[in-house]
Amino acid sequence: MTAIETDLRAYVRDIPDFPTPGIMFKDVTPLLADPHAFRRATDAMAAPFVDDKVTHVVSMEARGFIFGAPVAQSLGAGFIPVRKKGKLPYETERIEYALEYGSGILEIHRDAYEPPARVLVVDDVLATGGTAAATSELIERIGGQVVGFSFLIGLSFLHGRDKLGSHKVSALITY
């Protein structure tokens, strides 16, 4: 375990049976409330990608936005939101993807960037990998190149990394 992982784990609390029985929710609000821990986390999420010439950071709603925007600023990149169906005001590209208990639809603006964009996907947690993989497909559909994925937390026991192909994947805290 790295020093930053040890330090940041202290700001993540377990909430049993949320949102449903049997789930151990990783609550990051204590980390967000501490300005030094939050800054340290987002700087560390950006660090592995500093030399990858990232032009845009794409994050999924809602908690992904919290981490994606400061990572984009740290990398000198633009920020692009991926939202649930019907939340973006302009022409969109959409994808339907499998969730643990059903399906979801994500959308991105078709004109989010000019190809060839070099895109980093940022989210709070890598669980089963379905949302991140669907986002990667959306990025590629509109002409972007995914350079990697950066997460605050990775739940390795759910094997989400397996859905992300050969891309560089970073998770600061692993459970």
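Note that these values count all heavy atoms, side chains included, but never hydrogens, waters or copies made by symmetry.
The hydrophobic clustering, which links ILVMFWY residues whose side-chain heavy atoms are closer than 4.5 Å, places M60 and L88 apart. No continuous path of hydrophobic side-chain contacts links I153 to M1 [ILVMFWY only; heavy atoms under 4.5 Å]. I139 and Y90 are members of different hydrophobic clusters when ILVMFWY side chains are connected at heavy-atom separations under 4.5 Å.
If you run side-chain contact (heavy atoms from CB on, under 4.5 Å) between V58 and each of T135, L120, D123, only T135 comes through.
Remark: the backbone N or O of G22 is paired with a side-chain donor or acceptor of D17 at under 3.5 angstrom. Between the side chain of T6 and the backbone N or O of T2, at least one donor-acceptor pair lies under 3.5 Å. The main-chain N or O of R110 is never found under 3.5 Å from a side-chain atom of R141 such that the two would form a donor-acceptor pair.
In terms of heavy atoms, A46 sits closest to V71 at CB-CG1, 3.9 Å. Considering all non-hydrogen atoms of both residues, A41 and L152 come closest at CB-CD1, 4.0 Å. Annotation for A33 and P35: closest pair O-CD, 3.4 Å, computed over non-hydrogen atoms. Taking each heavy atom of V54 and A77 in turn, the nearest pair found is O-CB, 3.8 Å. Shown here for H109 and P89, the closest heavy-atom pair between the two residues is NE2-CD, 3.4 Å. S170 and F49 make their closest contact through CB-CE1, 4.0 Å (heavy atoms, listed as atom of the first residue, atom of the second, distance).
Because its NZ or CZ atom is both nearer than 6.0 Å to the ring centre of Y175 and within 45° of the ring axis, R9 counts as a cation-pi partner of that residue.
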List the steps, then state whether side-chain contact (heavy atoms from CB on, under 4.5 Å) holds for V119 with V147.
CA-CA 6 Å; V119 181; V147 297; 5.9 Å; no
Output, in order, the C-alpha distance, side-chain angles, deciding distance and verdict of side-chain contact (heavy atoms from CB on, under 4.5 Å) for L126 and L164.
CA-CA 10 Å; L126 172 61; L164 304 181; 4.1 Å; yes
Go through it in stages, so that I can follow the logic: the residues are V28 and Y11, the test is side-chain contact (heavy atoms from CB on, under 4.5 Å), and I'd like the CA-CA distance, side-chain angles, deciding distance and then a yes or no.
CA-CA 7 Å; V28 299; Y11 294 94; over 6 Å; no
Go through the steps for L31 and L8 under the test side-chain contact (heavy atoms from CB on, under 4.5 Å), then give the verdict.
CA-CA 7 Å; L31 184 144; L8 294 180; 4.0 Å; yes
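If you take OG1 on T92 and NZ on K87, they are separated by 13.5 Å, rounding to the nearest 0.5 Å. The CZ atom of F65 sits 11.5 Å away from the CD1 atom of I80 when rounded to the nearest 0.5 Å. The CD1 atom of I4 lies 10.5 Å from the CE atom of M45; values are rounded to the nearest 0.5 Å. Here the CZ-CE distance, from R13 to M24, works out to 13.5 Å after rounding to the nearest 0.5 Å. Between the CZ atom of F18 and the CD1 atom of I23 there is a distance of 11.0 Å, given to the nearest 0.5 Å. From E137, atom CD reaches atom OH of Y97 across 12.5 Å, with rounding to the nearest 0.5 Å.
By the 4.5 Å heavy-atom criterion applied to side chains, S150 and F67 are not counted as neighbours. Residues F38 and I66 are in side-chain contact: their nearest non-hydrogen atoms beyond the backbone lie under 4.5 Å apart. Between R161 and S156, the closest side-chain pair of non-hydrogen atoms is not below 4.5 Å. Side-chain contact between E5 and L172: absent, with no pair of heavy atoms (C-beta onward) separated by less than 4.5 Å.
Applying the side chain to side chain donor-acceptor pair (under 3.5 Å) test to every pair with at least one member in residues 42-71, sequence neighbours left out, gives these pairs: R39-D43, D52-K168, E61-R83, R63-D124.
When the shell of 6.0 Å around CD of Q145 is examined, it contains more than 12 heavy atoms from other residues, nucleotides or ligands.
Electrostatic pairing of K85 and E107 does not count as a salt bridge here, judged by no charged N lying under 4.0 Å from a carboxylate O.
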